[in-house]
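Presented below is the structure to which this report refers.
Lettering follows sequence order; numbering is per chain, from 1. What's counted below: heavy atoms across the whole structure, side chains too, no hydrogens, waters or symmetry copies. Just so it is clear, the model here is predicted, and its values are computed rather than measured.
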Amino acid sequence: MIGCWLVSKDGKHEPIRLPHTETVLIGRGPETLITDRKCSRNQVQLKADCNKGYVKVKQIGTNPTSIDSEDIGNEQEMKLKPGQTLYIVNNLYPYFIEFCESQEPDIKMKNSEKSSLKRASVNSLNGSMETSKKSAKKESNIFPSSTSHLTIMAKTHWNQGLKVSMQDPTMQVFKDDRVVVIKDKYPKARYHWLVLPWESIATLKVLRTEHLDLLQHMHATGENIVKEHANIKLTSFRFGYHAIPSMSHVHLHVISQDFDSSCLKNKKHWNSFTTEYFLESQDVIEMVKNHGRVTVKDDISELLKSPLRCHICKQQQSTVPQLKEHLKKHWPSKQ
DNA sequence: GTTCTAGAAC
DNA sequence: GTTCTAGAAC
């Protein structure tokens, strides 16, 4: 059975179990060890849905509770998904959620020194962390003790895949002090790279004017990667971001416009690169310049369901295989 | 994000 | 009958 756990990023205390569809109130108190008077005793109401893979978070206290950098608002509700960070109050007390299949969640804890039994270390984003076995607790909502296996390898949710790939030297095409470039694991065209900042930026929503230099550097890095491939002069490229990416960690797509790839399989793939769901890098930069942040229409995901239309001649196609056949017409003929 | 597959579409 | 999509599971 799948369980959901609320994990303190600081490792201040053991994970708190969020039973499926049960309402759990969290705030100042012995369970969280939060003593901050700005935090209400019932600051947030949490309701996990293990089937849907998220936790509904309702702000009950007056002071702001936020997810990543977005305030939920008094009496308002937001979905907390794996990979996102919940700040209980005033951007403090960070938590994340983890779904796991057993009663023994695999949790990465930073301050394993607190733990009595040290476990095998695992490589993770922030360098070496250790997973730890916690002392046994009888209470049902407390992280239970491990029984048999000696090594707990922390399971990573699929949406954290980029964070793993960008750290892997075998995946890196280029890197400097600010960014790293990797090939997309499932390229949707002959050339498909991702430019990622080392700085952990969860989503486009957290971008502010202080990120402008970085965004411009990401774009310039993408241009350089394209230039390095001198044999692709006939290929055009687009640089942009998905409005609502599946993978955590902001990444700039640098993709050739042939869309000749066996990994391009469905309508969602196609529309994510050929409709306004694909936010042009320069437009994102301009948006941050002019408005201080990036805003995305609420119903932007509807674009993923749009009819299949050729990005060059705009002709509509009825199926993905037909579209892929049609695209060949636009490929430059080889000399 | 991908994979798998039921059932819709042809 | 086969092809293809879309939603669940991962």
Using only atom types and a distance under 3.5 Å, with no angle test, would you say the side chain of A:N290 pairs donor to acceptor with the backbone of A:E286?
yes
Give a yes/no verdict on base stacking between B:dG1 and A:Y186: centres under 5.5 Å, planes within less than 30° of parallel.
no
List the steps and the verdict of ring pair (Phe, Tyr, Trp, His ring centres under 6.0 Å) for A:H192 and A:F273.
CA-CA 11 Å; A:H192 187 180; A:F273 288 101; 5.3 Å; yes
Rounded to whole Å, OH of A:Y54 lies from P of C:dC10 at a distance of 18 Å
Rounded off to whole Å, could you give me the CD-to-C1' distance for the A:Q160 and B:dT2 pair?
16 Å
Just to be sure I understand the rule, does A:K305 reach a base, reach only the sugar-phosphate, or reach nothing, if contact means heavy atoms closer than 4.0 Å?
nothing
Between C:dT5 atom C1' and A:K324 atom NZ, what is the distance in whole Å?
14 Å
Which part of the nucleic acid, if any, lies within reach of A:K265 when heavy atoms closer than 4.0 Å are counted: base, sugar-phosphate only, or nothing?
sugar-phosphate
Grab the CE-C1' distance between A:M247 and B:dT2 for me, whole Å please.
10 Å
Any side-chain donor near an acceptor of the partner, A:S165 and A:K185, under 3.5 Å:
no
Specify the separation, in whole Å, of atom CD of A:Q322 and atom P of B:dA9.
16 Å
A:W158 CH2 - C:dC10 P separation (whole Å)
14 Å
Separation of atom CG in A:N271 from atom P in C:dT5, rounded to whole Å:
12 Å
Residues A:H13 and A:S8: side-chain donor-acceptor under 3.5 angstrom
no
C:dA6, B:dG1, C:dC4: which one has an atom nearest the side-chain heavy atoms of A:P321?
C:dC4
Check: A:S66/A:N91 side-chain N/O donor and acceptor closer than 3.5 Å:
yes
Could you check how far NE2 of A:H192 sits from P of B:dT2, rounded to whole Å?
10 Å
Measuring from the side chain of A:K188 (C-beta onward, heavy atoms only), which nucleotide among B:dT2, B:dT3, C:dT5 has the closest atom?
B:dT2
Can you find a side chain N or O atom of A:H157 that sits less than 4.0 Å from OP1 or OP2 on B:dG1?
no
Which nucleotide in the list C:dC10, B:dT3, C:dT5 gets nearest to the side chain of A:L308?
C:dT5
Give one of base, sugar-phosphate or nothing for A:H269, where a contact means two heavy atoms less than 4.0 Å apart.
sugar-phosphate
